[in-house]
Number of protein chains: 2
Amino acid sequence: MSDLSKLKELFPELEDELYNELIQVGVVKEIPAGTTILQVAQPIRTVMMVLDGVVKLYQEDGEGDEYFVYHIEPGQACAVSMVCAYKQEKSMVTAKSVTDVVMLTVPLEYMDKWLQKYKSWHYFVIKTYRSRYEELLRTVSEIAFRNMDERLEFYLKRQVKQFGKHVKLTHQDIANDLNSSREVISRLMKKMEKNGWINIHRNSFEWIRD
Amino acid sequence: MSDLSKLKELFPELEDELYNELIQVGVVKEIPAGTTILQVAQPIRTVMMVLDGVVKLYQEDGEGDEYFVYHIEPGQACAVSMVCAYKQEKSMVTAKSVTDVVMLTVPLEYMDKWLQKYKSWHYFVIKTYRSRYEELLRTVSEIAFRNMDERLEFYLKRQVKQFGKHVKLTHQDIANDLNSSREVISRLMKKMEKNGWINIHRNSFEWIRD
DNA sequence: AATGCTATGTGATGCCTGTCACACAAGCGG
DNA sequence: CCGCTTGTGTGACAGGCATCACATAGCATT
């Protein structure tokens, strides 16, 4: 069955029996690009494992400001969706599909069951938390210590890594992700272009260095 | 035995059998204030559970800059110490004792063993990751969206929550934790004093609002 | 080709905060 | 009581970045 083989390919570290359960109880959802998949304010009742496409996770304050945190790609699960009972204070996290996305959703009650039953699930969950924790630390470090030009470079490199040398984003999109303003991003990117790092097109740019 | 009862009090969610194992294989360490307990660059071979005192966790870049992330207090474990194989790229996290600290250290191999054996340990580890993840998100939100005055207020409140109304920190200490400069902190605190939020003393301040 | 919409380029200006320079104040040891 | 050390107060200045105001350019539709 193609579903099974795809699962095994994307999540190679799980037990055979668990794959079967995943196929049985999991629901495959197809989500168009640009959909808000979850917001942490609201209770979450499923674990989400990405099968295809890219999800971006970003933080919001209440006043329209955003900050990009990281991407979730095929073979990864959403750590936040595992944080079932999120105490909502001020911090808000949103996950949104960047491309069309296919994900496997599993009701949260299986999470506990499987944690006890399958060692591999266990490790998978721990691994997910750990890698997300590391990504977050990385993000903190960027914002705390780096100026806009360095943060922009880091951000663009992540996009290139995720989507290839040719990335479709407007300066405004980028400014939103970095909680900056369009003009600042335009100026800095112009400088990067002069230095031969990128080519700027309308609605996109191209990474031409390294 | 007083160790056992203290453990139960601080970590009430664990299984009886596990307490016994903890007492048997765990080593109690007393650490004087100001000691660097771990740095993420180096491999970690123990899980640390705080029994007494306060540990602060902060991020460093390579050039002497720091940013305070959160406190670890009695009844909590160090999530980073559970991240055994930390890929060292640029981000560095350091844990340092703020006060004299007593902690129980457990060799890392038990972590895996217990994860399979004890459901409660399991939940404890997950809970630890989850709450640390949330704290990190909170920190990201502060740095990304707030100005120095608001970040300072947030920071001071956290200190007050941890240590009581009378907090022993110099302006320089605070500036280091917020990756700012002493003069800026002094000015902002002076303003807070004028607004009746705090009293400033030499080497300390006192929270007098709320 | 003309029109219009949206993306991008660029100067002017102001606020926040980091830095430098130095004055003052609190506490400690002789 | 005096001087030293360390913390705090404050002005002047500079750089980074947000914002405002337009100018220009790219692409789609007619």
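Protein chains get the first letters and strands the later ones, always in sequence-line order, with residue 1 at the start of each. Everything quoted here is computed from the prediction, not taken from an experiment. The basis for the numbers below is simple: all heavy atoms, side chains too, and nothing from hydrogens, waters or symmetry mates.
- Between A:H171 and C:dG9 there is a side-chain N or O to OP1 or OP2 distance below 4.0 Å.
- Between the CG atom of B:D173 and the C1' atom of D:dG7 there is a distance of 11 Å, given to the nearest Å.
- Using a cutoff of 4.0 Å between basic side-chain nitrogens and carboxylate oxygens, B:R187 and B:E183 are not scored as salt-bridged.
- B:K191 has no carboxylate O lying under 4.0 Å from a charged side-chain N of B:D149, or vice versa, which leaves the two without a salt bridge.
- Not counting sequence neighbours, A:Y19 has no partner by the ring-ring contact (aromatic ring centres under 6.0 Å, His included) test.
- Taking the six-membered ring where the residue is Trp, A:Y129 and B:Y129 present parallel rings, their angle staying beneath 30° rather than reaching 60°.
- Within residues 176-183 of chain A, the residues that place at least one heavy atom under 4.0 Å from DNA chain D are, in residue-number order, A:N179, A:S180, A:S181, A:E183.
- Taking CG of A:N195 as the start and CE of A:M189 as the end, the distance is 13.0 Å to the nearest 0.5 Å.
- Of the two residues contacting DNA chain D, namely A:H201 and A:N147, the nearest-nucleotide position lying further toward the 5' end is that of A:N147.
- Following rounding to the nearest Å, B:Q172 (CD) and D:dT5 (C1') show an atom-to-atom distance of 15 Å.
- Rounded to an integer number of Å, the gap from A:I185 CD1 to D:dT19 P is 12 Å.
- Between B:H201 and B:H166, the angle of the ring planes stays under 30°, which puts this pair in the parallel group of the 30/60° scheme.
- With respect to the salt-bridge test (charged N to carboxylate O, under 4.0 angstrom), the residues A:K190 and A:E193 qualify.
- Under 4.0 Å is where a charged nitrogen must lie from a carboxylate oxygen, and between B:R138 and B:E135 no such pair does.
- Interface residues of residues 191-200 of chain A facing DNA chain C, ordered by number: none; criterion, heavy-atom separation under 4.0 Å.
- Distances from the side chain of B:T170 to the nucleotides C:dT8, C:dA7, D:dT8 place D:dT8 closest.
- Between the side chain of A:R187 and the base of C:dG11, a donor-acceptor pair under 3.5 Å is found.
- Distance CD1 (A:I174) to C1' (C:dT8): 12 Å, rounded to an integer number of Å.
- The CG atom of A:N203 sits 13 Å away from the C1' atom of D:dA25 (whole-angstrom rounding).
- Counting only N and O atoms by type, the side chains of B:D61 and B:Y67 include no donor and acceptor under 3.5 Å apart.
- Nearest to the side-chain atoms of B:S186 among the listed nucleotides C:dT10, D:dT8, C:dT17 stands D:dT8.
- Remark: P of D:dG16 and CZ of A:F145 are 19 Å apart, rounded to the nearest angstrom.
- Residue B:F205 contributes atom CZ, which lies 15 Å from atom C1' of D:dT8 at whole-angstrom precision.
- For B:R202, counting side-chain heavy atoms from C-beta on, the closest listed nucleotide (C:dG27, D:dC27, D:dG9) is C:dG27.
- Between the NZ atom of A:K168 and the C1' atom of C:dT6 there is a distance of 12 Å, rounded to whole Å.
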